[in-house]
Amino acid sequence: MLNNYETDEELKKIREERGYSYMDICEVCPEKLPNYEEKIKNFFEEHLHTDEEIRYAVAGSGYFDVRDCNEAWIRVWVKKGGMIILPAGMYHRFTLDESNYIKALRLFVGEPVWTPYNRPHDHLPARKEYLKAFLENEVGDRAVDAAA
Ligand SMILES: CSCCC(=O)/C(O)=C/O
Ligand SMILES: [Fe+2]
Ligand code: NI
């Protein structure tokens, strides 16, 4: 469990291993997040980014929704001490849970780019590379399993 994100050794190791040079804090609640209503609406629009989205919950909790290979939603409940890494090009959305509050570390490789591309944005290279790296492999794996 993360105690102090500025000194935590485990987090330091993850940052070094994965090259997460940038880190800041994002608090999601009406009092702390400027333009809260607009932002929370945008977070819940299904979108992708051209880089990884990395969030580490230091307080509160929230839901990250992603889709399985049949397009069904999978809800990931990220709570205090939990980390999520969404690959570049993976569609997702975010919403708060009943606690109505999350304080998350945002990590990034280099200068951060937070631009969301709402679905559909299948023509982006990041989307094509994501499909190639994850979904095509998975289909390939199943074909091998079926033949075994
Ligand atoms: C928990 S941080 C707020 C959500 C966010 O930054 C984002 O990009 C959701 O997709
Ligand atoms: Fe996002
Ligand atoms: Ni576009």
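Whatever order the structure lists ligands and atoms in, that order sets their numbers, starting from 1. The first residue in the sequence is number 1, and the count goes up from there.
Using the six-membered ring where Trp is involved, His49 and His47 have ring planes that are perpendicular, over 60° apart on the 30 and 60° scheme. The aromatic rings of Phe108 and Trp114 stand perpendicular to each other, their planes meeting at an angle above 60°, with 30° marking the opposite boundary. A tilted orientation is assigned to the rings of Phe64 and Phe94, their planes being inclined by 30° to 60°.
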Could you pull out the N/O contacts under 3.5 angstrom between ligand 1 and the surrounding protein atoms?
unit_1	atom_1	unit_2	atom_2	d
ligand 1	6 (O)	Arg55	NE	3.3
ligand 1	6 (O)	Arg55	NH2	2.9
ligand 1	8 (O)	Glu53	OE1	3.0
ligand 1	8 (O)	Glu53	OE2	3.2
ligand 1	8 (O)	Arg55	NH2	3.4
ligand 1	10 (O)	His47	NE2	2.9
ligand 1	10 (O)	Glu53	OE1	3.2
ligand 1	10 (O)	Glu53	OE2	3.0
ligand 1	10 (O)	His92	NE2	3.0

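Looking at Glu53 and the Fe ion (ligand 2) together, the shortest N, O or S contact belongs to OE1.
Of the angles at the Fe ion (ligand 2), the one spanning NE2 of His92 and NE2 of His47 is 80° when given to 10°.
With contacts defined as side-chain heavy-atom distances shorter than 4.5 Å, the pair Glu53/His92 qualifies.
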When the side chains of residues 24-38 are checked against the rest of the protein, which donor-acceptor pairs come out under 3.5 Å, sequence neighbours left out?
unit_1	atom_1	unit_2	atom_2	d
Asp24	OD1	Arg106	NE	2.8
Asp24	OD2	Tyr22	OH	2.6
Asp24	OD2	Arg106	NH2	2.7
Glu27	OE2	Lys32	NZ	3.4
Glu27	OE2	Tyr101	OH	2.3

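Between Glu46 and Arg67 there is a salt bridge, since at least one side-chain N of the basic residue sits less than 4.0 Å from a carboxylate O of the acidic one. Taking 4.0 Å as the cut-off between side-chain N and carboxylate O, Arg15 and Glu9 do not count as a salt-bridged pair.
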